[in-house]
Amino acid sequence: MATRGFPEGFAWGAATASYQIEGSVTADGRGASIWDTFAHTPGKVLNGENGDVAVDHYARYAEDVALMGSLGLNAYRFSLSWPRIQPGGRGVNGAGLDFYKRLVDELLEQGITPYATLYHWDLPQELQDAGGWPERDTAYRFAEYAQVAHEALSDRVKHWMTVNEPWCAAFLGYGSGDHAPGLRSSAQAVRAAHHLLLAHGLAAPLLKANDCLVGAAPNLYAVTPVSDSEADLDAARRIDGLQNRFFLDALLRGSYPEDVVADLEPFGFADVVQPGDLDLIGGKVDFLGINYYSRHTVSADPDAAGMVATSPFASASPWPGAESVAFVNAGRPVTDMGWEVDPGGLHEILTRVAKEYPSVPLYITENGAAYVDTVADGGVDDQERLDYIEAHLAACHDAIADGVPLKGYFAWSFLDNFEWGWGYGKRFGLVYVDYETQVRIPKSSAHWYGRVARHNGLS
Ligand code: NCW
């Protein structure tokens, strides 16, 4: 097949998150985050695993960046650990900031453009003790933290993302309890969702200083009803509303969808939003990051075959007002997470966002797959992951041909890492990590992806 080239300057990267890779959780004055507390609470993470050591990136960042460079990546998306920079959620910890300065220096030396995310779920524990995201004050604390990080790094980091997957932080953290801090309250979850968006709105103007660009990275899904019965259509409307439109409308239009607001009324949502909040939240992004993994096929029949794998443990519903909606396996192949592989859904999301929210440059800030990997002859032949990424890149290529302003793609993840409630059992990395020795082995997908990056296209 002819080379399917990508636009000049396309960002070819991989993504990670602080708690999932760094380890060194007490080094250089780092404070505790809600994930430290949660992971150390028995019964919250499979096999009692935690991020205390993770893949030791805090000590091995130079080796990791060198590997990125040698593979051929030109961009890297990482997150900053809030409790490293502000232990206790306040002040400035210079030693914590220094780690990110060293990391960024190393990236720039390798010709890799840094994309920093401020919040990938590691809230300082003290801010949770004061109420966490359901409290409005947490959004103001976040803006202070954003200012501190920006002042230290904005001479060299020009792309900033405020919140990663706010749906997860709100609805898995405070609704189903599958993620830290493990609360199970729909009323708290909807408060958290609004305050995460408010945090974005308060921080975004500060982050633009020094010629920086600001985005956010919601996780979006293609959503289809299992039939066109009125009930299934309504189930799809509710899930699409909570998963996609709630975040897109707020970030890009400065409004919440009326139907979602009505659905959330029983949870006290109307009282959470204060006058002026949506003006703060809306229209502040210079680009939108999209994390895409799969499609939700939904049924109004609660007895339909369910596929809701947010954690290995029994959980409450993360869907306020749509608790009885079932997630149906539509028959596509699934990854090791049980998530259906549907590259067509990525094309659908990209073209939909570009059409309904025009003029916003887009990035795929996460896309990838967990599969069981085996080391053989010193290598890891992960053809399934390679196929997954290739199919999704082809969908990106098609979307660009259809006029979508897609500027870059970040594979999730650069390294195997701590997969939240699943512990170390699920591997998403382009690079295999032997957790006993911390030895890194680039998988076939890493070598292949590096070639794609170097050629700026699929061949
Ligand atoms: S768990 C999750 N992920 C994975 C994680 O490693 C990363 O930090 C996240 O940004 C890979 O990408 C994201 N997302 C949560 C998905 C929840 C699935 C809910 C299914 C409901 C039917």
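Scope of the values below: all heavy atoms of this structure, side chains included, with no hydrogens, waters or symmetry mates. As the structure lists them, so they are numbered: ligands from 1, and atoms in each ligand from 1. Just so you know, residue 1 is the first one in the sequence shown, and it goes up from there.
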For [X], atoms of ligand 1 separated by under 4.0 Å from a heavy atom:
{"X": "Phe327", "answer": "22 (C)"}
{"X": "Gln20", "answer": "5 (C), 6 (O), 7 (C), 8 (O)"}
{"X": "Trp339", "answer": "2 (C), 16 (C)"}

Does Tyr58 have Arg84 sitting over its ring (NZ/CZ under 6.0 Å from centre, angle to axis within 45°)?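 Here Arg84 passes the 6.0 Å and 45° test against Tyr58.
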On a heavy-atom basis, I'd like to know which of Tyr19, Tyr293, Trp167, Trp121 is closest to atom 11 (C) of ligand 1.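 Comparing heavy atoms across Tyr19, Tyr293, Trp167, Trp121, the nearest one to atom 11 (C) of ligand 1 lies in Tyr293.
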Heavy-atom distance to atom 6 (O) of ligand 1: which of His296, His120, Glu419 wins?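 Nearest option to atom 6 (O) of ligand 1, by heavy atoms: Glu419.
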Side chain or backbone of Tyr221 under 4.0 Å from ligand 1, or both, or neither, by non-hydrogen atoms?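 Side chain only.
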Side chain or backbone of Asn164 under 4.0 Å from ligand 1, or both, or neither, by non-hydrogen atoms?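 Within the 4.0 Å criterion, Asn164 contacts ligand 1 through side-chain atoms alone.
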Just to check, does Cys168 reach to within less than 4.0 Å of ligand 1 when the distance is taken from its heavy atoms?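 Within the 4.0 Å threshold, so yes.
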Any nitrogen or oxygen of Glu366, side chain or backbone, less than 3.5 Å from one on ligand 1?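 By distance alone, the answer is yes.
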Flag Trp412 as yes when one of its N or O atoms lies below 3.5 Å from any N or O atom of ligand 1, and as no otherwise.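 In this structure, Trp412 places an N or O atom under 3.5 Å from an N or O of ligand 1.
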Do Ser299 side-chain atoms and Ala326 backbone N/O form a donor-acceptor pair below 3.5 Å?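 No, Ser299 side chain to Ala326 backbone: no donor-acceptor pair under 3.5 Å.
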Give a yes or no on whether the ring-centroid distance for [X] and [Y] is below 6.0 angstrom.
{"X": "Phe99", "Y": "Tyr61", "value": "yes"}
{"X": "Phe10", "Y": "Trp12", "value": "yes"}
{"X": "Trp319", "Y": "Phe327", "value": "yes"}

Set out, in order, the CA-CA distance, both residues' side-chain angles and the distance that settles salt bridge (charged side-chain N to carboxylate O under 4.0 Å, His left out) for Asp342 and Arg295, then state yes or no. CA-CA 7 Å; Asp342 187 4; Arg295 178 185 300 270; 2.4 Å; yes
So, applying ring pair (Phe, Tyr, Trp, His ring centres under 6.0 Å) with His120, which one of Phe78, Trp412, Phe418 is it?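 That would be Trp412; it is the only one of Phe78, Trp412, Phe418 passing the ring pair (Phe, Tyr, Trp, His ring centres under 6.0 Å) with His120.
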